[in-house]
Amino acid sequence: MTACGGGYSPQTRRKYFISGPQWAAAYQGQALFHAPTRPPIGFEEIIRKYAQIGIGYWCTHDTDVIPTEDLATDRQAVIVSRIGRALSENGLQCSMVTTETFHHAVWAGGPAAEAPEVREYAKFRVRNTVEIGHELGARFAVYWPGSLGYYVQGAIDELDTLRWYADALNAACERDIECARERKRDTLKHCLEAKPFEPQAEILLPTSDAMLAFIGSGLLKHPEMVGLNPEYLHELMWGGAPRAALGRALLAGKLFHFDINDGYRLKHDVDIGVGLVNPLDWLNVLVLLRSHGYNGPFNLDYKPPRTTSAAGVFDVSFPTAVDRFITLWEMAGEVISDPIIKEATDALKRGGGAPNPRDAEGVTAANRELLTLHELIAHRLVQILLGLHRGRTFSIPG
Ligand code: GLT
Ligand code: MN
Ligand code: MN
């Protein structure tokens, strides 16, 4: 790591709204076909390690830290106060809380199953998470309804299921309004996270766009409290362009929270560290977010590699992910103020000056270099990414 250079100090890292999930650091390397490779690790240790690295925010699922049977009991209160102490001793803040609605057997039929008691239980769980969030000072609540779907066709009614899912979100928002009033805090921002496949065979809200439609469907009592937590890789998984998906969320005023990672198109949810697969696309994503004033969290929702030791997780995996993000974020600032990109963009927006906008041939002729300028901008972006804009070239021997 020392030999690599290019790292940032913990103080610098803390200036960014970067959050570290409990589940990412506690990931033991287990997955569908994989046995765990690392020992368990608790929240106190993770919060301490995040503090040393300079990750200023922490987030969690309810059951990452509270056993299912302890939820909403005195034992929950004890754990939550231990979390509060660990956060304050280490100068961290809890940014987000989320409800696990996919792991426990109770969710086999999803959080909006036909059985009313499953749905009552789902409401209980999301309300309880909202209370934990207020107790810990969180500002965001995330919902990944990955189990909202089916394996076999025709058994569930899609409209009923979506209505019932909205009931759970309504219960969370209403509890939030009460808690906020009692504690004189703002209500939380409730963020839906889409993933196109896994763990159900078919997913009812598979994309961020499907979720935007759901938010606007009239089923939510407080649509203004509900927005999105897109995940970079989840947009690639269905073959979408993350930048375009984020653009649509920004236009709708619904980009509340953002899970950052990397991976491949049309593949499963590999959750690779940010910028390791698509650094150029990441640079462009951050240019878009900077240009449009996104100021929500960047949540490191990725999985440290399976053979990495616990030391490797905190000495290499997390700090390098944070540092790649910071570098790409700062480079995005360079892109926005780059005089060459600005000149090319201004020229594009001025147009070629065709005298008659009804004359196809004339308009075409006047804009002959439109895509030349696109390519020039793309070249410049690669130059900035590779440091070539600072005059770095390679000499050919001989
Ligand atoms: C799960 C999922 C992630 C979500 C988490 C929040 S759970 O790990 O794959 O993308 O962000 O519930
Ligand atoms: Mn995620
Ligand atoms: Mn993912």
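Residue numbers run from 1 in the order of the sequence given.
The number of heavy-atom neighbours closer than 6.0 Å to CD of E375, taken from other residues, nucleotides and ligands shown, is 12 or below. Counting heavy-atom neighbours within 6.0 Å of D74 CG, excluding the residue itself, gives a total of 12 or less. Remark: E224 CD is packed, more than 12 non-hydrogen atoms of other residues, nucleotides or ligands lying under 6.0 Å away. Heavy-atom contacts from other residues, nucleotides or ligands closer than 6.0 Å to CZ of R139 number 12 or fewer. The number of heavy atoms from other shown groups lying within 6.0 Å of NE2 (H374) is above 12. With a 6.0 Å radius and a threshold of 12 heavy atoms from other residues, nucleotides or ligands, E343 has its CD atom at or below the threshold. More than 12 heavy atoms of other residues, nucleotides or ligands shown are found within 6.0 angstrom of CD on E69.
R306 contributes a side-chain N or O that, together with a main-chain N or O of G29, makes up a donor-acceptor pair within less than 3.5 Å. Side chain of R185 to main chain of G137: a donor-acceptor pair is present (N/O by atom type, distance under 3.5 Å, no hydrogens or angles). Looking at R119, its side chain does come within 3.5 Å of a backbone N or O of A113 through a donor-acceptor pair.
A 4.5 Å side-chain heavy-atom check between E44 and R82 finds at least one atom pair inside the cut-off. Side-chain contact between K254 and M211 is absent, with no heavy atoms from C-beta onward closer than 4.5 Å. Side-chain contact between V65 and Q22 is present, with heavy atoms from C-beta onward closer than 4.5 Å.
For the 3.5 Å distance criterion, the side chains of Q11 and R14 fail to qualify, holding no donor opposite an acceptor. With no hydrogens or angles considered, a side-chain donor-acceptor pair links E334 and H389 at under 3.5 Å. T99 and D62 are not linked by any side-chain donor-acceptor pair at a separation below 3.5 angstrom, with hydrogens and angles left out of the test.
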*Could you go through the side chain to side chain contact (heavy atoms under 4.5 Å, CB included) check for W58 and I83 one step at a time?*
CA-CA 10 Å; W58 173 87; I83 295 172; 3.6 Å; yes
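Ion pair D346/K342 flagged as a salt bridge, since at least one NZ, NE, NH1 or NH2 atom sits closer than 4.0 Å to an Asp/Glu carboxylate oxygen. A salt bridge is defined here as a Lys NZ or Arg NE, NH1 or NH2 lying under 4.0 Å from an Asp or Glu carboxylate O, and R181 with E178 fails to meet this definition. R125 has a carboxylate O that lies under 4.0 Å from a charged side-chain N of E100, or vice versa, which qualifies the two as a salt bridge.
The list of side chain to side chain donor-acceptor pair (under 3.5 Å) pairs with a residue in residues 267-292, not counting sequence neighbours, reads K195-D269, Y232-D281, H234-D269, N261-D271, D262-N278, D271-K303.
Ring geometry, Y302 versus F318: the interplanar angle exceeds 60°, so the pair is classed perpendicular (tilted spans 30 to 60°). Below 30°, between 30° and 60°, or above 60°: for Y143 and H190 the angle between ring planes is below 30°, a parallel geometry. Below 30°, between 30° and 60°, or above 60°: for Y50 and F314 the angle between ring planes is above 60°, a perpendicular geometry. Between F325 and F298, the ring-plane angle classifies as tilted under the 30° and 60° cut-offs.
Residues that satisfy the side-chain hydrogen bond (donor to acceptor under 3.5 Å, both in side chains) test with R248, not counting sequence neighbours, are D209.
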